[in-house]
Structure formats: structure tokens, C-alpha cells
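To start, the structure under review is shown below, and the notes come after it.
Note that the structure is a prediction, hence the values are computed from the model and not measured.
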Amino acid sequence: QVLLVESGGGLVQAGGSLRLSCAASGRTFSRYSTGWFRQAPGKEREFVGRIANSGDLTYYADSVKGRFTISRDNAKNTVYLQMNSLKPEDTAVYYCAAGQYYSLTYLRADYWGQGTQVTVSS
């Protein structure tokens, strides 16, 4: 069993930065790849990016490529989402999830966090 808790969300001006954290409990977390997702009001949840369990592979949605970076520290059971050059359209609830690397792209995961709100003002 893996419990995921996101933190670090908040209000930021356009062009600013935020770093989200996804803290996991459970000794098996390092076996899972981890993805970040977001859901804006009135829209479906969408894939943002993913990182392999080893941390050596990452993949991003085109909408965030070059602005967002995912990293992980397995010793701390934590995955990070560094968000730079934020835009108002990045406003959403951000979720992390643990599962199989390629399946995360299709929003298929074994465990989900509860989400953290990110609001980008123009």
C-alpha cells in the first residue's frame, strides 16, 4: 500500500515558479514510477509528466515541456514537480500518482494523491 500526499500549491503570478512535492508512505514506493496530472475546473484530468522509479527517465506533455521538471528522491520517498514560467492556463488541481511508467500517460495508476491547488494570476 502506498499513500501519496501532495503539497506546495498556492497562488502565484504569471511568470513565477512553484515546486510541488509528492510525499509517499510505504516501503515499496521506490518500485513505482510516478506521474503528475492536473485538472482545471470544467475540464478532464490530464497528464503532465512522469518519472521512472529509478529517476533516470522522464517524459512531459507538450504543454509543459521546457517549463516543468520532475525529479525524485527515493531516500526521502518524495517526487517533485518544479514549475517555472507559469501561465494562467496552468491553473488546476495537481495530483501525483504511482504506477507503471507507460500506463501513467493514460491516467492509469495504482495509487493517487488527494491533489493540491495551483492558481496562476495574470
*Decide yes or no for Ser121 and Gln13: does some side-chain heavy atom of the first lie under 4.5 Å from some side-chain heavy atom of the second?*
yes
_Results of ring pair (Phe, Tyr, Trp, His ring centres under 6.0 Å) for Tyr94 - residues two or more places apart only_ = none
*Examine Arg19 relative to Tyr80 and say whether NZ or CZ is less than 6.0 Å from the centre of the six-membered ring and inside a 45° cone about the ring axis.*
yes
*In the single-linkage hydrophobic clustering (I, L, V, M, F, W, Y; side-chain heavy atoms under 4.5 Å), do Val64 and Tyr59 co-cluster?*
no
*Would you call Ile51 and Leu57 a side-chain contact if the rule is heavy atoms closer than 4.5 Å?*
no
*Under the side-chain hydrogen bond (donor to acceptor under 3.5 Å, both in side chains) test, which residues partner Ser7, sequence neighbours left out?*
none
*Residues two or more places apart in sequence or in another chain: which of them pass side-chain hydrogen bond (donor to acceptor under 3.5 Å, both in side chains) with Thr119?*
Gln117
*Using the test side chain to side chain contact (heavy atoms under 4.5 Å, CB included), find all partners of Ala23 that sit at least two apart in sequence or belong to another chain.*
Thr78
*Can you list every salt bridge (charged side-chain N to carboxylate O under 4.0 Å, His left out) pair that touches residues 87-101, not counting sequence neighbours?*
Arg38-Asp90, Arg67-Asp90
*Any donor-acceptor pair under 3.5 Å linking the side chain of Gln39 with the backbone of Lys43?*
yes
*asked:* Rounded to the nearest 0.5 Å, what separates atom OG1 in Thr34 from atom CG in Asn53?
replied: 8.5 Å
*May I ask you to test the Leu4-Phe29 pair for a side-chain heavy-atom distance under 4.5 Å?*
yes
*Looking at Tyr102, is Arg108 sitting on its ring face, NZ or CZ under 6.0 Å from the six-membered ring centre and within 45 degrees of the normal?*
no
_Listed once per pair and sorted, the disulfide (SG to SG under 2.5 Å) pairs that draw on residues 41-72, sequence neighbours left out_ = none
*Ser17 versus Val12: any side-chain heavy-atom pair under 4.5 Å?*
no
*Tell me, yes or no, whether the heavy-atom count around Tyr60 atom OH, taken from other residues, nucleotides or ligands under 6.0 Å, exceeds 12.*
yes
_Residues forming a side-chain hydrogen bond (donor to acceptor under 3.5 Å, both in side chains) with Gln82, sequence neighbours excluded_ = Asn84
*Strictly under 6.0 Å, is that where the ring centroids of Trp36 and Phe47 end up?*
no
*Roughly how far, to the nearest 0.5 Å, is CG of Asp73 from OG of Ser21?*
10.5 Å
*Around Gln100, counting heavy atoms of other residues, nucleotides and ligands shown, do more than 12 lie under 6.0 Å from its CD?*
no
*asked:* With disulfide (SG to SG under 2.5 Å) as the rule and sequence neighbours excluded, what pairs involving residues 35-95 come up?
replied: none
*asked:* By the disulfide (SG to SG under 2.5 Å) test, which pairs, at least two apart or in different chains, include something from residues 58-108?
replied: Cys22-Cys96
*Only one of Val118, Val120, Leu81 clears side-chain contact (heavy atoms from CB on, under 4.5 Å) with Leu18; which?*
Val118
*Counting only N and O atoms by type, is there a donor-acceptor contact under 3.5 Å from the side chain of Asn77 to the main-chain atoms of Gly26?*
yes
*Do Asp110 and Val2 have side chains that get closer than 4.5 Å, going by heavy atoms?*
no
_Non-hydrogen atoms of Ala92 and Ala40 that approach each other most closely_ = CB-N, 3.8 Å
*Short question: side chain of Arg72, backbone of Ala52 - any donor-acceptor pair under 3.5 Å?*
yes
*If you round to the nearest 0.5 Å, how far is OG1 of Thr105 from CD of Glu46?*
13.0 Å
*With rounding to the nearest 0.5 Å, note down the distance linking OG1 in Thr116 to OH in Tyr95.*
10.0 Å
*Could you work out the complete set of other residues in the hydrophobic cluster of Leu11, with links drawn between I, L, V, M, F, W and Y side chains under 4.5 Å apart?*
none
*Qualifying salt bridge (charged side-chain N to carboxylate O under 4.0 Å, His left out) pairs, either residue in residues 51-64, two or more places apart*: Asp62-Lys65
*Using the test ring pair (Phe, Tyr, Trp, His ring centres under 6.0 Å), find all partners of Tyr111 that sit at least two apart in sequence or belong to another chain.*
Tyr32
*Val93 and Phe37: same hydrophobic cluster, using ILVMFWY side-chain contacts below 4.5 Å?*
yes
